[in-house]
Each structure stands twice: as C-alpha cells, then as structure tokens.
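None of the values given here were measured: they were computed from a predicted structure.
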Amino acid sequence: MFPHDLVRAQHDWNRTYAALAAPRPGNTTVLRRRLLRLSVEVFWHPFWSTGRGRSPAARVALRQHVHAQEQGEVWPR
C-alpha cells in the first residue's frame, strides 16, 4: 500500500526520535538535524498527492503500518 521509501523514512524517523528522546542522548545536534530531514521527507513525499494518500487517515495508517512492522506483527497488504 505504501511506497518502500516512505515506509523506510517513517521507520528511520521513529528510530531517530527514540534516540533523541532517550536519557542523555549523544550527538543531539546530529539527531535533531536527521529528525528534521526525515520529517520533511515523510511530510512532502509524493505519495500524499495520490488518491490513496490524500486523506489524513492515510498518514495514521502509515504510522500504524510501520509500528506493526517494528513490533514484528503481520500487516495486511
């Protein structure tokens, strides 16, 4: 349902956010810059201009999809 590069960017965003939220993260400047770059990549991805990506529910579904993958759950295709 979602393009591979969009899923990867959301996954990387989640990992970067978690690293930044950890107690006493190292390299906070690097992590913040990476989070900002990934935020732009996810937010402005061309998928959101397609019919399937136009609804706000699609953004929620992306986050749920990536979370399910991270938890090792099976996500319907």
Side-chain angles (χ1 to χ4, degrees):
M1 177 177 174
F2 296 104
H4 177 71
D5 60 329
L6 179 57
V7 171
R8 179 200 43 79
Q10 182 66 52
H11 176 70
D12 291 348
W13 189 97
N14 290 354
R15 287 190 318 186
T16 304
Y17 184 87
L20 192 56
R24 295 188 204 154
N27 299 321
T28 56
T29 301
V30 172
L31 289 172
R32 287 179 181 167
R33 286 180 180 161
R34 180 169 170 79
L35 191 64
L36 180 59
R37 183 183 59 76
L38 289 166
S39 296
V40 169
E41 186 176 340
V42 169
F43 187 82
W44 292 108
H45 193 278
F47 174 76
W48 306 123
S49 298
T50 67
R52 293 184 301 161
R54 288 196 193 277
S55 74
R59 292 181 186 268
V60 173
L62 171 66
R63 289 191 297 273
Q64 290 173 340
H65 173 72
V66 171
H67 179 72
Q69 282 185 339
E70 292 172 348
Q71 299 302 314
E73 299 170 10
V74 177
W75 183 264
R77 292 182 180 245

ask   = Ion pair present between Asp5 and Arg8, side-chain N to carboxylate O less than 4.0 angstrom?
value = no

query = If you look at every heavy atom in Ala9 and Leu38, which pair is closest and at what distance?
reply = O-CD2, 4.0 Å

query = What residues form a side chain to side chain donor-acceptor pair (under 3.5 Å) with Asn27, not counting sequence neighbours?
reply = none

message = Hydrophobic cluster membership, with links at side-chain heavy-atom distances under 4.5 Å among I/L/V/M/F/W/Y: are Leu62 and Phe43 in one?
response = no

message = Are the side chains of Asn14 and Tyr17 in contact, using a 4.5 Å heavy-atom criterion?
response = no

note = Note: Val66 and His11 closest approach over all heavy atoms is CG1-CA, 3.7 Å

note = d(Gln10 CD, Ser39 OG) to nearest 0.5 Å is 8.5 Å

query = Say you draw a straight line from OG1 of Thr16 to CZ of Arg33; how long is it, rounded to the nearest 0.5 Å?
reply = 14.5 Å

task = Report the distance from atom CH2 of Trp13 to atom CD of Glu41, rounding to the nearest 0.5 Å.
result = 13.5 Å

request  = Establish whether Val40 and Phe2 are linked, either directly or via other cluster members, by ILVMFWY side-chain heavy-atom contacts under 4.5 Å.
outcome  = no

message = Test your reading of the model: is there a side-chain donor-acceptor pair from Trp48 to the backbone of Ala58, 3.5 Å cut-off?
response = no

ask   = Is it true that atom CZ of Arg37 has more than 12 heavy atoms of other residues, nucleotides or ligands lying nearer than 6.0 Å?
value = yes

request  = Specify the closest pair of heavy atoms between Asp12 and Arg15, including all atoms of both residues, with the distance to one decimal.
outcome  = OD1-NH2, 3.0 Å

Shortest non-hydrogen contact between Pro25 and Ala19, atoms and distance = CB-O, 3.3 Å

inquiry  = Please find the pair of heavy atoms, one from Leu31 and one from Leu20, that lie closest to each other, and give the distance.
reply    = CB-CD1, 3.8 Å

